[in-house]
Amino acid sequence: MGILVVGSVAFDSVETPFGKVEEVLGGSGTYFSTSSSFFTEVKLVAVVGDDFPSEHLEFLRARKIDLSGLQTAPGRTFRWKGQYGFDLNEAHTLDTQLNVFATFRPRLPAGFEEAEIVFLANIDPELQLEVLQQVRRPQLVACDTMNFWIEGKREALLKTLRHVDILLINEGEARQLAGEANLVKAARVILGMGPKTLVIKRGEYGVLMFTAHAIFSAPAYPLEAVFDPTGAGDTFAGGFMGYLAASRDYSEAAMRKAIVFGSVMASFTVEDFSLRRLQSVVYSEIEDRYRKFQALTEFAGLD
Ligand code: AMP
């Protein structure tokens, strides 16, 4: 069925306790589309500057991502600079340069407006809504955001959320968006903003999914070597949405499986900087880790 995604395509400069990289390929749209491309067709809507190298475009094309909605504009590509301490669950943003995204007006190429599944990756909520309004009859709309937009564009974000079925955010963002410290109460507040399903990402502590009637919890895959958590959230969303799109099933049972596929994809991303690990992973490794995940959480019921 395929997914239409709007999000950032970026140069990231990242420092973790295990190393440092400058101006490597990153961005919410990049991580999401690469991850979901292991499951389904992906159409990417974004903008890059004239400084964006063709090797990165070739990588995305090799993953069979449709780039006809990726504009090249005069100017510099989006840049993000972040730092992680030993607590790899929390990124500290040092610098955000919107550059060509500041004036980006997304226009969907022919055929894109028929998309049935839309993912609004982390980007200006006004752009998220502008893309969504061009899609004729979306069946499933999911969305991500971050503290930068919750603080800076709250009203626009609340407007976008009214059209969203599934919101995926991290723990700190959920508390900030709801203005509530307790996660269960925060989830209830957020479910009142529009989304029917809320997926809260908790880094190495896993994921919680809330609907009006149920709560589901999944752990994160226990890894010995975590180098760079950048993109884990977007990669999670890519696996989650990719599985839903491929299965054409949006039931709660399918979402539980999708959460595990998302967690599996994120577990690969954090093993190396940038998209390096996603460049080498093959589908049999994804399935293998899915099975290990299942074994990790299997336990007998009461007699
Ligand atoms: P995450 O999955 O949350 O670790 O997302 C990290 C990615 O988000 C990085 O590759 C950044 O380029 C991108 N990013 C950081 N800040 C923003 C922002 N304000 N808008 C859009 N993308 C961003």
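Atoms within each ligand, like the ligands themselves, are counted from 1 in listed order.
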Task: Atom indices of ligand 1 within 4.0 angstrom of Ala10 heavy atoms, with elements - done: 12 (O)
Task: Heavy-atom nearest option to atom 21 (C) of ligand 1, drawn from Asp228, Leu275, Asn122 - done: Asn122
Task: Proximal ligand 1 atoms for Gly26, defined as those under 4.0 Å from one of its heavy atoms - done: 10 (O)
Task: Proximal atoms of ligand 1 relative to Gly27 (non-hydrogen, under 4.0 Å) - done: 9 (C), 10 (O), 12 (O)
Task: Phe101 to ligand 1, any heavy atom closer than 4.0 Å - done: no
Open item on the list: Just to verify, which of Asp95, Asp12, Thr93 counts as forming a side-chain hydrogen bond (donor to acceptor under 3.5 Å, both in side chains) with Trp80?
Closed with: Thr93
TODO: Determine whether the aromatic ring centres of Phe52 and Phe11 lie less than 6.0 Å apart.
DONE: yes
- [ ] Mind running salt bridge (Lys or Arg N to Asp or Glu O under 4.0 Å) on Glu285 and Arg277 for me, showing each step along the way?
- [x] CA-CA 12 Å; Glu285 290 178 288; Arg277 187 63 180 99; 3.0 Å; yes
Task: Trp149: numbered ligand 1 atoms lying under 4.0 Å from its heavy atoms - done: 18 (C), 19 (N), 20 (N)
Task: Heavy-atom proximity to atom 2 (O) of ligand 1, best of Leu168, Asp234, Asp144, Asn170 - done: Asp234
- [ ] Enumerate the atoms of ligand 1 whose separation from the nearest heavy atom of Gly233 is less than 4.0 angstrom.
- [x] 2 (O)
- [ ] Would you mind checking which non-hydrogen protein atom is closest to atom 16 (N) of ligand 1, with the distance to 0.1 Å?
- [x] Met146 SD, 3.3 Å
Open item on the list: Which option wins on minimum heavy-atom distance to atom 13 (C) of ligand 1: Gly238, Ser8, Ala46, Ala91?
Closed with: Ser8
Open item on the list: Can you name the atoms of ligand 1, numbered from 1 with element, that are less than 4.0 Å from a heavy atom of Thr230?
Closed with: 4 (O), 6 (C), 9 (C), 10 (O)
- [ ] Considering only NZ, NE, NH1 and NH2 on the basic side and carboxylate oxygens on the acidic side, decide whether Asp66 and Arg61 come within less than 4.0 Å.
- [x] no
TODO: Say whether Gly231, considering both its backbone and side-chain N or O atoms, lies within less than 3.5 Å of an N or O atom on ligand 1.
DONE: yes
- [ ] Could you walk me through whether Glu114 and Arg136 pass the salt bridge (Lys or Arg N to Asp or Glu O under 4.0 Å) test, one step at a time?
- [x] CA-CA 6 Å; Glu114 300 302 335; Arg136 244 189 283 263; 2.6 Å; yes
- [ ] Among all protein heavy atoms, pick the one closest to atom 9 (C) of ligand 1 and tell me residue, atom and distance.
- [x] Asp12 OD2, 3.2 Å
Open item on the list: With a 4.0 Å cut-off on N to O distance, would you call Glu252 and Arg256 a salt bridge?
Closed with: yes
- [ ] Assess whether salt bridge (Lys or Arg N to Asp or Glu O under 4.0 Å) is satisfied between Arg79 and Asp51, documenting all intermediate values.
- [x] CA-CA 12 Å; Arg79 276 165 171 77; Asp51 55 354; 3.0 Å; yes
Task: Beyond-backbone contact of Val5 with Val42, side-chain heavy atoms, under 4.5 angstrom - done: yes
Task: Cation-pi geometry met for Arg289 and Phe268 (6.0 Å, 45°) - done: yes
Open item on the list: With respect to Phe148, determine whether any N or O atom, backbone or side chain, lies less than 3.5 Å from an N or O atom of ligand 1.
Closed with: no
Open item on the list: Under a 4.0 angstrom heavy-atom cut-off, which atoms of ligand 1 come close to Tyr31?
Closed with: 10 (O)
Open item on the list: Does Arg107 qualify as a cation-pi partner of Phe112, given the criterion of NZ or CZ under 6.0 Å from the six-membered ring centre and within 45 degrees of its axis?
Closed with: no
